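Letters A, B, ... are given to chains in the order of the sequence lines, protein chains preceding strands, and every chain is numbered from 1. Here the structure is a predicted model, which means the values were calculated and not measured.
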Amino acid sequence: MRSRTFSRGLTALLLPALLATACVDEPGGGAGASGDEIKVGILHSLSGTMAISEVTVRDAELLAVEEINAKGGVLGKKLVPVTEDGASDWPTFAEKAQKLISQDKVATVFGGWTSASRKAMLPVFERNKALLWYPVQYEGLESSPYIFYTGATTNQQIVPALDYLAAQGKKKMFLVGSDYVFPRTANKIIKAYAAAKGIEVLGEEYTPLGHTEYSTLVNKIADAKPDAVFNTLNGDSNVAFFKQLRGSGITPQTTPVVSVSVAEEEVKGIGPENVAGHLVAWNYYQTTTTPANDAFVKAFKAKYGADKVTSDPMEAGYNAVYLWAEAVKKAGTTEVEAVRKAAGGITIEAPEGTTTIDGDNQHVAKTARIGLVQADGQIKEVWSSPGPIKPDPYLRSYDWAGGLS
Amino acid sequence: MTWGRISLVVCVVLLALAPLTLSPFRLGLLAKYLCFAIVAVGIALAWGQGGMLTLGQGVFFGLGGYAMAMYLKLEEAGSAGLPDFMVWSGVEELPALWKPFGNPVFALAAVVLVPGLVAFLLGLLVFRQRVRGAYFAILSQALAAAFVILLVGQQGLTGGTNGMTNFTGFFGLDLTDPNGQRAVYAIAALVLGVLFLVAKLLVRSRFGRLLVAVRDGEDRVRFLGYDPALVKTITFTVSAVMAGLAGALFVPVVGIISPAMLGIVPSLELLVGVAVGGRFVLAGAIAGAIAVNYAKTLFSEDFAEGWLYLQGGLFVLVLVFAPKGLAGVVESVRERFGRKPVEVTA
Amino acid sequence: MTGVGSPTPPAALLEVRGLRVVFDGFAAIDGLDFTVEEGELRFLIGPNGAGKTTLIDVVTGLTKPAAGSVRFGGRELVGRREHHIVRLGVGRTFQTATVFEELTVVENLDLADSFRLPLRSLLRRRRGVSDAVASALEAADLTALADKPAGVLSHGQRQWLEIGMLLVQRPKLLLLDEPVAGMSRSERERTGELLHRIASTHTVVVVEHDMEFLRRYARKVTVMHQGHVLREGSVAEVQEDPRVREVYLGRAKGKAVT
Amino acid sequence: MLSVSGVDAAYGRARVLFGVGLEVPAGSLVCVMGRNGVGKTTLLKTVMGTLTPTAGRITFDGRDITRLATHQRVRAGMAYVPQGHVSFPQLTVWENLQVTLEATAHREPAAVDEALDVFPALRQLLKRPAGLLSGGQRQQLAIARALITRPRLLLLDEPTEGIQPSVIDEIEAAIERLHREAGLTVLLVEQYLDFALRLADSFVVMDAGEVVRAGAAEELHDEEVRRMLAV
Amino acid sequence: MGALANQLPIGLSIAAVLLLIALGLTFTFGQMGVINMAHGEFIMAGAYTAFLLQGVTSQSFLIALPVAFAVAGLMGLLLEWSLIRRFYGRPLDTLLLTWGVSLVLQQLARDLFGAPNVQVTAPGWLVGGVDVLGLRLPYNRVFIIGLAVVCVVGVWLYLTRLPAGRRMRAVVQNRELAAYSGIATGRVDRFTFLLGSGLAGVAGVALTLVGPVGPSLGTFYIVDAFLVVVAGGLGQLRGAVLAAVALGFLNGYLEFWTDASLAKVLVFVAIIAFLQVRPQGMFVLKGRALV
């Protein structure tokens with residue numbers, strides 16, 4: 001290359017690029033609560049692999065914002081959502097969180113799905129002393145003062161599911177999960193539980209995210225003949241897993257699979273016929289019968305289309321907006337420390353029933369529900385906890401979990 | 001000469017002014033682009049000058065990043081403690097692999113040596129066998145895929161998919177403080193500048209000429225008495241080291257390193273900037289990397305769904321209409337209108 | 001079936017013995033013996049497919065023979081990698097000149113000149129022009145074009161550049177494959193002169209078809225035919241040999257025309 | 001039938017043809033002669049369109065074909081047997097013939113039989129991959145393949161080069177028959193004099209990319225011409 | 001020991017999937033030297049074709065096979081005609097070019113069909129399985145193995161028995177001679193691309209039986225597909241078949257002995273090691289080389 005001749009003109013190329021980045025510094029949008037508007041950030045993956053799940057959560061959160069505005073907003077001010085794309089990429093989540101906080105100066109942020117995105121955002125919120133509302137069930141063992149967790153922690157989903165299986169007399173279990181933090185932590189809890197309750201764990205298998213070849217794993221399951229399979233696979237892998245499981249002749253009657261990451265939306269993608277008869281564990285189903293849920297489902301379908309389904313993470317996202325709004329009302333300001341103080345004990349009648357913020361760990365008390373996947377793709381509740389379960393992210397109230405945290 | 005000097009000075013001035021004019025958030029973004037620009041310099045060397053299309057540059061970026069992250073995590077955890085993710089993963093004792101990373105000198109050496117060594121071994125294996133062109137590209141891509149799976153699978157060692165995050169300090173700098181961030185930015189800019197000069201010297205050296213010769217006529221070079229496999233391996237190693245340094249800087253700049261940064265797609269994304277800017281020209285590659293990543297930020301802020309269209313479209317347009325990238329366009333414009341008459345084929 | 005001069009092995013620079021090269025079951029070279037003495041200018045001719053280029057390919061390590069040996073200054077070349085053979089002192093050009101178009105003429109020559117430098121010195125920038133490069137520039141008559149990219153050279157200039165690149169490497173043996181193919185008449189003449197000068201100080205083997213060229217510059221000619229040596233001798237001797245006329249004018253059919 | 005005028009051609013920067021002109025009248029057999037590397041093959045490639053001339057004009061039956069694609073020239077009635085007995089090595093003999101037939105405009109299966117009648121020896125080899133044939137057999141196949149297109153002009157590039165003597169006679173006889181009996185127009189590139197002497201109506205001698213001599217076959221006995229060709 | 005034997009049919013079914021996704025590539029990559037990163041998106045197009053067609057008639061799944069072939073094939077044809085044609089001889093650039101195209105196609109799918117996976121219901125006759133040596137072999141796997149065999153045989157017959165296939169082989173073996181034989185080589189190139197892409201479409205339909213159907217579908221398979229072609233060698237049908245079978249069994253057994261993650265890594269190591277011995281893959285086509 002005639003680099004000498006080239007480079008002369010070419011360092012000049014740097015000019016526009018650098019000028020562009022260096023000189024364009026958009027003016028911030030002012031304070032989160034200025035004038036008659038309150039800005040709130042909504043940060044989910046709208047592109048990339050996680051968009052599948054997160055777009056619907058964003059939709060639910062936007063619905064909640066709309067409903068609150070229709071009822072006059074918060075503190076007499078309208079909520080203005082600022083939406084950002086995390087692009088299924090954890091550093092991008094951190095970057096966009098920073099942008100929402102420092103540039104848009106939002107009052108709070110609703111967002112995230114994967115543990116990785118939460119872990120990436122956590123230092124940003126702690127550093128800026130800003131608030132994040134995280135709407136998805138997760139692996140627990142975390143309690144940040146600047147995060148509110150409106151999805152289930154392990155003692156509100158995994159432990160009840162294990163209790164249910166034990167009550168059904170399932171003595172031998174096989175663990176299947178995607179290779180990341182939630183399944184690994186979940187399985188650790190399951191193994192501790194199993195050891196304490198005389199349940200045998202026949203196998204523990206992980207597959208890479210996005211894995212689609214499950215014949216070997218299914219063969220291992222068929223070989224082990226467990227009473228139940230505990231499934232913590234994530235996303236697309238579930239489709240492949242259930243399709244290939246069904247073909248192998250393993251039926252829900254002989255070997256039910258309990259999934260903790262398969263909701264109504266995923267059932268649609270897997271194909272209900274492939275997953276019908278298997279179990280799922282959540283805190284909410286579209287079929288949950290509460291007055292609030294009737295209204296939620298109706299409003300959601302009216303806004304986004306009659307063929308849309310609602311699911312647990314969507315409902316948790318929807319609740320998050322309401323819980324925050326109630327806390328702001330109680331605090332009389334959007335100021336973060338005041339909202340945090342006010343949040344403890346806030347209770348709403350959510351689609352899943354009564355939910356209350358636990359002031360100690362900023363999680364939410366939730367009712368656990370075991371559901372049976374129906375042939376029409378809906379999930380029928382077959383068991384529920386007697387009432388909302390107090391969140392215990394570190395499982396301190398369970399003696400068998402002593403060695404876990 | 002004056003042209004280049006002037007623009008170089010302007011660039012340096014702009015980079016120097018950025019900490020004063022930009023908000024810490026924007027400055028952080030600029031620092032991130034500079035990290036990608038460092039990778040771009042390496043890619044321009046390997047691909048543009050050496051003809052080795054590496055689709056696995058994310059691997060080396062990751063190796064450097066992880067080495068740095070391991071040190072920072074240990075630094076933070078103190079002498080007795082364990083890094084936070086190990087606590088969640090139930091690791092009770094510091095794994096042997098981690099222990100030496102408590103030493104800053106070892107960690108800094110690892111940032112350079114680990115990516116370099118991996119690239120050197122891989123290069124030696126494939127280039128000796130005269131695996132080249134598309135075969136090399138596909139193998140490097142498979143390497144990226146395999147590496148990510150390996151990282152994710154070793155959660156107790158690497159933090160799994162989450163990777164490592166929550167870094168507060170960097171060799172005494174407070175990363176939560178705007179001044180600390182400015183310092184990190186300055187380091188990134190400095191490293192970019194130094195590596196740019198190193199690459200420039202390399203390109204202009206005899207070795208650089210040899211590299212171009214290997215790209216254009218590997219077999220002919222053999223008959224000049226050189227071993228092209230060695231030339232390619234060295235260049236590939238240099239480009240890997242640059243990617244490793246970029247990864248190491250990325251950690252304090254962005255505050256996270258995870259497998260999501262190293263897979264196939266991020267590796268290809270690193271190429272977009274180089275292709276757009278012009279793979280044959282170092283400055284073009286840097287400008288391209290900065291411009292494309294800036295465009296990505298802009299787009300995902302205002303038009304999230306459109307980014308893939310733009311990114312894909314950019315690739316197609318550049319390759320069809322300007323295979324030499326913007327640098328090529330600038331060059332041909334200068335040829336047409338510039339004062340300097342350019343030698344036309346005799 | 002050795003050619004002339006085989007009984008005096010000590011002076012031989014290149015000794016090819018019992019060479020056999022097979023492509024897809026077809027023996028391109030079969031039982032070839034070929035010797036070049038130090039200081040010779042040898043012309044290698046023969047009809048298409050006689051195996052001339054194949055012979056050069058084997059000597060330079062590009063093609064692996066099925067059998068036979070190639071000894072250069074007493075060392076076996078078969079089995080060595082290309083760049084090792086170059087380092088032993090065997091240089092070659094190709095039928096279609098391959099120079100590095102992106103590099104300037106001087107850079108091309110300098111690259112050829114630097115192959116013995118240790119890696120450390122390669123990392124330094126070239127300062128000025130070495131004597132060898134300067135004289136090669138002169139020899140190839142490219143001084144005026146020294147700083148132009150080789151891509152702008154004409155075909156003939158490329159051939160000269162390639163020969164120049166060979167010269168700066170100071171090989172003990174030069175193998176030139178059709179150096180005047182595709183050249184205009186005046187270019188041929190200049191190439192001939194260049195060759196003449198080179199031959200005065202080097203051992204050279206030239207594959208060439210151009211007979212005018214041959215008559216003017218050849219001292220000793222080897223005629224190859226169907227993978228072996230048909231005749232070796234002076235131009236006059238070769239021209240008079242009926243078998244040589246036959247393979248050129250007639251065919252290996254047994255019907256001599258003259 | 002074929003007329004080439006003022007054609008320049010080059011491979012990249014290496015200029016090979018310098019203003020070559022040539023006439024092939026219908027029904028004639030013209031022999032292009034010259035030593036290795038004087039541009040004979042290049043001339044044929046230019047005529048067939050795999051090399052685009054940088055200057056000059058080529059007409060076939062009065063139609064300008066200078067810019068026509070190769071396969072269109074074949075369909076117009078020109079067939080070419082390249083140097084070096086080339087074939088599709090992994091296709092059987094039959095497939096080699098069939099694939100050509102299927103690309104012709106006429107597509108008459110009888111053409112295969114006609115071509116095989118020229119070289120009956122090929123009939124026993126129909127199922128064998130062409131790559132496993134001997135050079136002579138491959139050359140017969142190559143000519144047969146060309147004949148299947150039912151050409152009006154046949155271009156042959158050194159058809160007997162590198163072929164065992166027994167087959168050379170057969171090939172020579174076949175070319176002679178096609179020319180004399182079937183009236184096929186032939187443009188033949190040859191290095192060897194005796195072949196040309198027996199077959200050609202007229203000849204062209206090339207040297208260094210130029211036509212240096214042209215004339216009737218008898219003039220080939222001229223000693224000057226011989227010197228142009230020999231060592 | 002029983003489970004070990006069980007892995008035999010599993011290796012075979014993994015091989016069948018690999019073969020289906022890679023078969024089309026042996027044409028576009030192996031025979032034409034075009035590295036088509038959008039191959040995965042052609043697979044995706046086939047899968048979405050099955051999605052769109054389902055419920056149209058009772059046998060819509062079977063109908064989807066030829067339709068998907070046509071849809072993906074036409075997409076390939078369009079790609080070749082509009083872009084790739086300009087890039088012959090620049091394989092590395094086609095790689096980047098087609099990667100750009102694949103990004104656009106993925107986003108297009110997301111906009112057309114939504115980000116979530118869609119549901120493709122397997123026809124009733126593919127539900128269930130047959131017991132072989134104590135192992136239940138699902139009908140859908142049997143179908144995929146069968147389809148792979150049919151495709152390979154079909155491709156083989158096409159190449160050896162049909163005029164168009166002969167033309168294709170002729171062009172691959174000697175492009176210039178093909179032109180001298182009257183073959184319009186440009187048209188053959190386009191057709192080769194149509195065939196290779198069409199096969200991706202067929203693979204896409206088959207994959208709906210065992211995997212997800214969504215915009216990222218192609219990305220799950222593309223790397224594996226390329227590895228099969230690289231290991232198999234340039235443009236050779238038997239190379240692709242052998243490589244797919246070898247990698248299928250390797251994958252099956254390695255995963256059985258270790259786990260899915262490690263198996264993938266080990267397979268990559270095995271390929272690098274293999275290329276040390278045979279840098280050009282199992283079979284080399286003499287003549288047209290890549291790069």
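Only the side chain of E:S216 comes within less than 4.5 Å of a heavy atom in chain A; its backbone stays farther off. Heavy-atom distances place no part of A:I250 under 4.5 Å from chain E, backbone and side chain included. No part of E:A263 comes within reach of chain A, as not one of its non-hydrogen atoms sits under 4.5 angstrom from that chain. Using a 4.5 Å cut-off between heavy atoms, E:N140 touches chain A through its side chain atoms alone. For a residue to count as touching a neighbouring chain, one of its non-hydrogen atoms must lie under 4.5 Å from one of that chain's; by this rule E:L217 does not touch chain A. Residue contact with chain A, scored on non-hydrogen atoms closer than 4.5 Å, involves the backbone and the side chain of E:V210 alike. For A:E213, the parts sitting under 4.5 Å from any heavy atom of chain E are the backbone and the side chain alike.
For the pairing with A:E139, the salt bridge (Lys or Arg N to Asp or Glu O under 4.0 Å) check across A:R184, A:R118, A:K188 returns one residue only, A:R118. Applying ring-ring contact (aromatic ring centres under 6.0 Å, His included) to A:H278 and the options A:F241, A:F230, A:F242 leaves one that passes, A:F242. With A:M173 as the fixed residue, the side chain to side chain contact (heavy atoms under 4.5 Å, CB included) test singles out one of A:N187, A:L202, A:I190: A:I190.
Among A:K220, A:K268, A:E205, the residue making the largest number of heavy-atom pairs under 4.5 Å with chain E is A:K220. No other option in A:G269, A:S237, A:S53, A:G377 has as many heavy-atom pairs under 4.5 Å with chain E as A:G269. Of the listed residues E:P138, E:P215, E:G129, E:G11, the one with more heavy-atom pairs under 4.5 angstrom with chain A than any other is E:P138. Ranked by non-hydrogen atom pairs under 4.5 Å with chain E, the options A:D236, A:I270, A:T212, A:V239 are led by A:D236. Listed options E:T121, E:D259, E:V17 were ranked by heavy-atom pairs under 4.5 angstrom with chain A; first place goes to E:T121.
When side chains are defined from C-beta on, A:V55 counts as touching A:D59, because their heavy atoms get closer than 4.5 Å.
Aromatic ring orientation, E:H39 versus E:F42: perpendicular (interplanar angle above 60°, classes split at 30° and 60°). Classified by interplanar angle (parallel below 30°, tilted 30° to 60°, perpendicular above 60°), the ring pair A:H211/A:Y214 is perpendicular.
Ring centroids of E:F61 and E:F143 are separated by less than 6.0 Å, placing the two rings close together.
A:S215 and E:I14 get closest at one heavy-atom pair: OG-CG1, 3.8 Å.
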